[in-house]
Amino acid sequence: MTMKRETSARTHLRSRRPVTEAPAEQAAAEHPQQPCTPPVVGHDHTAVARLLHALAEPHRLSVVHLLAVAEHRVVDLTRELGLAQSTVSAHLATLREAGLVATRREGRSSWYRLARPEVAHILADAERIVDATKGAP
């Protein structure tokens, strides 16, 4: 008894295809990589990424804008932004963990302020870049 080896249509088709480079290898051959530049010594890119991540949310940017003008309590920020108190508190916690916001206690109230004035400059610079690149391809 002779058994005929069965192959699926997929295997059969695959066996008839010409051998070519894998897509990644082909792309690498077409576009050779530039030599990697060494990381900048003395810069903690992880910390910078954490800072930028904390700023990468529109409501948190609004909080930063308000705190750049003056100290605020959560209730003030809630009223100004039209957000729930829990949402504002969560945004403040994220900004505080990134070292962008500091608090001061006064009686039963906590007043929030920018920890460093440079934070407002980061935001202003980013807004200038966005304005300059509007309409650019």
Short side-chain to backbone donor-acceptor contact, S62 and P58, under 3.5 Å: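 A pair under 3.5 Å: yes.
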Do side-chain atoms of S109 reach the backbone of R105 as a donor and acceptor pair under 3.5 angstrom? no
Stepwise side chain to side chain contact (heavy atoms under 4.5 Å, CB included) test for T46 and R50: CA-CA 6 Å; T46 302; R50 203 171 22 252; 3.7 Å; yes
Are [X] and [Y] close enough that some pair of their side-chain heavy atoms sits under 4.5 Å apart?
X: L100; Y: L114; value: no
X: E127; Y: H65; value: yes
X: L55; Y: L123; value: no
X: L67; Y: V63; value: yes
X: V101; Y: R113; value: no
X: L77; Y: R73; value: no
X: Q85; Y: V74; value: yes
X: Y112; Y: R96; value: yes

Would a single hydrophobic cluster contain both [Y] and [X], if residues Ile, Leu, Val, Met, Phe, Trp and Tyr are joined by side-chain heavy-atom contacts under 4.5 Å?
X: V75; Y: W111; answer: no
X: I129; Y: V48; answer: no
X: I122; Y: V69; answer: no

Could you tell me which non-hydrogen atom of [X] sits nearest to which non-hydrogen atom of [Y], and how far apart they are?
X: R60; Y: H53; answer: NH2-O, 3.6 Å
X: G99; Y: A115; answer: O-CB, 3.4 Å
X: R116; Y: E118; answer: NH2-OE2, 2.9 Å
X: L95; Y: A54; answer: CD2-O, 3.8 Å
X: H72; Y: L66; answer: CE1-O, 3.1 Å

Measuring from L83:CG to H91:NE2, what's the distance to the nearest 0.5 Å? 6.0 Å
Would you compute the distance between atom NE2 of H59 and atom OG1 of T94 and round it to the nearest 0.5 angstrom?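 Answer rounded to 0.5 Å: 13.5 Å.
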Sidechain N-carboxylate O distance under 4.0 Å for D125, R128: yes
